[in-house]
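Data block below; observations after.
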Amino acid sequence: MGMEERHLRNDLNVSGLSQTAGGAFHRVSIDGMAKVNGNLDCTSLSVNGTLKMHGALSAESATINGMCTLNGPLNSSRVRVDGLTTIHGNLSSPELEVNGKCTVRGRVDGERIDIGGMIMIDGDVQCESLNVQGNIKISGFLNAGSVEIKLHTSSSAKEIGGERIDIRRKEQSGFWKSIGLGGTPSFKTSLIEGDEIVLEDTEADIVRGSKVYIGRGCSIRLVEYSGELEIDPDAKVGSSQRI
C-alpha cells in the first residue's frame, strides 16, 4: 500500500456499540463492541474491547488485548494476542505472538511463532521457528525449521517434522503454578522426525533423527537414528535401531 492510498483511508474508532459493513481503513481501534459484517482491510487493528467479524480480516499489524471472534481468515504481517481470540479460518502471519489464549479452527502459516500463553490449532502449522513457553495443542501436523518447547502443562501435536526439535520441562513457577493448570508437564505426539532431537517428558510412537537424545520422563516405542543416540536411564524406550 502506497502513502497516497494510506492518506485516503479513514480511521475507524469504536468506543460504544457499533455495526459496520467492513471496508478499507487506516487505523482501526475497537474499545467498545463492534460487529463487522464483511471484509476488513486495514493498516493496524487494535482491539481492547470486543470484535465480532463475519468476513476476512487483513491487517499490517493486529493487536488483540480484548476479545476477538473472526468467522473468516486472518492475514497480517504481525499478530499479537494478549486477550482472547478465536479464528474460524486460517491464520497467516510471519510474526505471531500469543500471550493470552488463541484458538484457530484452520491452519497456521508463519515464520516466527512465539507462544507464552495458550494456543489450540485444528489444522497444520508451518513455520520457520516455533518457541513455546506456554501451552500448545495442534490437531494437525507441525512442520518447522526449529521447534523449542518448554513444557509447563500437557501439550501435543499430531506429528512433528523439523531440523532442530527441543522439548523439555520447565520448572513450574509464577503464573502457571499459581493457576495450577493442566497436570504434569508432558508432550504427546505420534511421530517426531528431525535432524537434532532433544526430548524430555515426551510420549511418542516413533522418533526418527540423526542426533537423538531421549531424556527423563520419555516414553517412546521406537527410536530410529542415523548418527548418535543417547538414552537417559529414566526414559522408557521400546526399541532403537540405527538406520
Side-chain angles (χ1 to χ4, degrees), residues 96 98 102-104 106-174 176-177 180-243:
L96 170 64
V98 176
C102 184
T103 303
V104 182
R107 52 174 291 127
V108 175
D109 286 283
E111 282 167 33
R112 265 190 37 227
I113 300 177
D114 288 289
I115 310 296
M118 302 173 76
I119 191 165
M120 281 175 66
I121 300 156
D122 284 358
D124 298 339
V125 178
Q126 172 89 42
C127 64
E128 275 309 305
S129 77
L130 171 68
N131 190 303
V132 180
Q133 303 276 343
N135 182 274
I136 189 164
K137 286 189 166 70
I138 302 169
S139 301
F141 301 104
L142 165 60
N143 196 337
S146 100
V147 175
E148 190 172 337
I149 298 174
K150 292 271 180 282
L151 295 168
H152 287 274
T153 55
S154 58
S155 288
S156 59
K158 191 174 186 176
E159 289 185 3
I160 300 180
E163 288 155 40
R164 250 192 73 252
I165 297 158
D166 188 322
I167 301 174
R168 35 189 148 170
R169 191 186 311 181
K170 179 153 171 45
E171 297 313 331
Q172 290 210 344
S173 66
W176 292 99
K177 202 171 196 166
L181 238 179
T184 41
S186 64
F187 195 89
K188 260 194 167 121
T189 183
S190 61
L191 169 72
I192 296 177
E193 196 160 8
D195 261 350
E196 289 179 42
I197 302 172
V198 174
L199 304 174
E200 282 180 3
D201 296 294
T202 298
E203 197 182 310
D205 188 42
I206 300 169
V207 173
R208 190 180 289 135
S210 168
K211 277 178 76 175
V212 181
Y213 172 79
I214 307 291
R216 61 178 183 176
C218 282
S219 175
I220 317 285
R221 184 182 65 85
L222 170 65
V223 177
E224 295 181 337
Y225 66 103
S226 58
E228 301 162 36
L229 170 63
E230 196 185 325
I231 300 173
D232 186 280
D234 183 36
K236 291 193 188 92
V237 174
S239 63
S240 61
Q241 60 188 64
R242 196 167 195 141
I243 50 172

Could you tell me which non-hydrogen atom of [X] sits nearest to which non-hydrogen atom of [Y], and how far apart they are?
{"X": "Ser226", "Y": "Ser210", "answer": "OG-CA, 3.3 Å"}
{"X": "His152", "Y": "Pro185", "answer": "O-CG, 3.7 Å"}
{"X": "Val98", "Y": "Met118", "answer": "CG1-O, 3.6 Å"}
{"X": "Gly134", "Y": "Ser155", "answer": "O-OG, 4.3 Å"}
{"X": "Cys218", "Y": "Asp201", "answer": "SG-N, 3.7 Å"}
{"X": "Gly217", "Y": "Asp234", "answer": "N-OD2, 3.5 Å"}

Distance check, rounded to the nearest 0.5 Å: [X] atom [atom1] versus [Y] atom [atom2]?
{"X": "Asp205", "Y": "Ser219", "atom1": "CG", "atom2": "OG", "value": "10.0 Å"}
{"X": "Leu96", "Y": "Cys102", "atom1": "CG", "atom2": "SG", "value": "6.5 Å"}
{"X": "Ile165", "Y": "Ile160", "atom1": "CD1", "atom2": "CD1", "value": "6.0 Å"}
{"X": "Asn135", "Y": "Ser154", "atom1": "CG", "atom2": "OG", "value": "6.0 Å"}
{"X": "Arg221", "Y": "Leu191", "atom1": "CZ", "atom2": "CG", "value": "10.5 Å"}
{"X": "Lys158", "Y": "Ser190", "atom1": "NZ", "atom2": "OG", "value": "7.5 Å"}

Pairs touching residues 115-140 that satisfy salt bridge (Lys or Arg N to Asp or Glu O under 4.0 Å), sequence neighbours left out
Arg105-Asp122

Beyond-backbone contact of Thr202 with Val207, side-chain heavy atoms, under 4.5 angstrom
no

So, Glu193 and Arg208, do they make that salt bridge, N to O below 4.0 Å?
yes

Could you go through Thr189 and Leu142, starting from their C-alpha distance and side-chain angles, then the distance that decides it, and tell me whether this counts as side-chain contact (heavy atoms from CB on, under 4.5 Å)?
CA-CA 10 Å; Thr189 183; Leu142 165 60; over 6 Å; no

Apply side-chain contact (heavy atoms from CB on, under 4.5 Å) to the pair Ile231 and Ile220, showing each step before the final yes or no.
CA-CA 11 Å; Ile231 300 173; Ile220 317 285; over 6 Å; no

In this structure, which one of Val108, Asn143, Ile113 forms a side-chain contact (heavy atoms from CB on, under 4.5 Å) with Leu130?
Ile113

Ile136 and Val125: side-chain contact (heavy atoms from CB on, under 4.5 Å), yes or no, with the steps?
CA-CA 11 Å; Ile136 189 164; Val125 178; 5.9 Å; no

I'd like to know whether Arg168 forms a salt bridge (charged side-chain N to carboxylate O under 4.0 Å, His left out) with Glu200, so could you lay out the CA-CA distance, the side-chain angles of the two residues, the decisive distance to 0.1 Å, and finally the verdict.
CA-CA 5 Å; Arg168 35 189 148 170; Glu200 282 180 3; 5.3 Å; no

Can you tell me if NZ on Lys150 sees more than 12 non-hydrogen neighbours from other groups inside 6.0 Å?
yes

Run Val132 and Phe187 through side-chain contact (heavy atoms from CB on, under 4.5 Å) and show every step you take.
CA-CA 12 Å; Val132 180; Phe187 195 89; over 6 Å; no

